[in-house]
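First up is the structure itself, then whatever we jot down about it.
Count residues from 1 along the sequence.
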Amino acid sequence: MSKRRISKNAVVGIGEERISILTGLSVNALADGREDLAVRYVSLARKISRKTKAKMPEEFRYCKKCLMPLVPGVNCTVRLTANKIVATCQNCGGLKRMPYLKEREK
């Protein structure tokens, strides 16, 4: 019997589904006060993302230093500068800079 091959699109689809589940669980764990569990969920989501070559959701933000999900008002501060949004992690002090040129043009 020959092995049944799974197409790359199916693998990426499964990976994106699992990543979205894990990111939701990490935000919920952070809301419950379980920072260790939230970090674990983000690290698992990143591993799946690298293995399946699926992208992390754009709306999900996390600190690249400590892998903590960034939720404004809970564990990060958000500041607006001339061309970017700067989110500062209150856990480790890491910065996440995101451009917002498209929003300013509108």
When rounded to the nearest 0.5 angstrom, what distance separates [atom1] in [X] from [atom2] in [Y]?
| X | Y | atom1 | atom2 | answer |
| --- | --- | --- | --- | --- |
| Glu59 | Thr23 | CD | OG1 | 7.5 Å |
| Leu80 | Ile85 | CG | CD1 | 6.0 Å |
| Gln90 | Cys63 | CD | SG | 11.5 Å |
| Ile48 | Arg18 | CD1 | CZ | 6.5 Å |
| Asn83 | Met98 | CG | CE | 14.0 Å |
| Thr52 | Ile14 | OG1 | CD1 | 9.5 Å |

Inset, instruction - Following the transitive rule for hydrophobic clusters with a side-chain heavy-atom cut-off under 4.5 Å over Ile, Leu, Val, Met, Phe, Trp and Tyr, establish whether Ile21 and Val12 coincide in one cluster. - result: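 Different hydrophobic clusters.
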Inset, instruction - Look at the side-chain heavy atoms of Ile, Leu, Val, Met, Phe, Trp and Tyr, link any pair under 4.5 Å apart, and say whether Val74 and Leu25 land in one connected group. - result: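 Yes, Val74 and Leu25 fall within the same hydrophobic cluster.
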Legend entry - Listed once per pair and sorted, the salt bridge (charged side-chain N to carboxylate O under 4.0 Å, His left out) pairs that draw on residues 25-41, sequence neighbours left out: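 Sorted pair list: Arg34-Asp36.
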Legend entry - Non-hydrogen side-chain atoms of Arg79 and Thr88 separated by less than 4.5 Å: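 Side-chain contact under 4.5 Å: no.
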Legend entry - Check: Tyr62 and Leu67 side chains under 4.5 Å, non-hydrogen atoms: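 Sidechains of Tyr62 and Leu67: in contact.
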What pair of heavy atoms forms the shortest contact from [X] to [Y], and how long is it?
| X | Y | result |
| --- | --- | --- |
| Lys65 | Gly94 | CD-CA, 4.1 Å |
| Ala45 | Met56 | O-SD, 4.0 Å |
| Pro72 | Leu70 | CD-O, 3.9 Å |
| Pro69 | Val42 | CD-CG2, 4.0 Å |
| Ala54 | Ile19 | CB-CD1, 4.1 Å |
| Cys76 | Cys89 | CB-CA, 4.4 Å |

Inset, instruction - Take Asn75 and Asn91 through the side-chain contact (heavy atoms from CB on, under 4.5 Å) test and state the conclusion after the steps. - result: CA-CA 7 Å; Asn75 67 343; Asn91 189 32; 5.8 Å; no
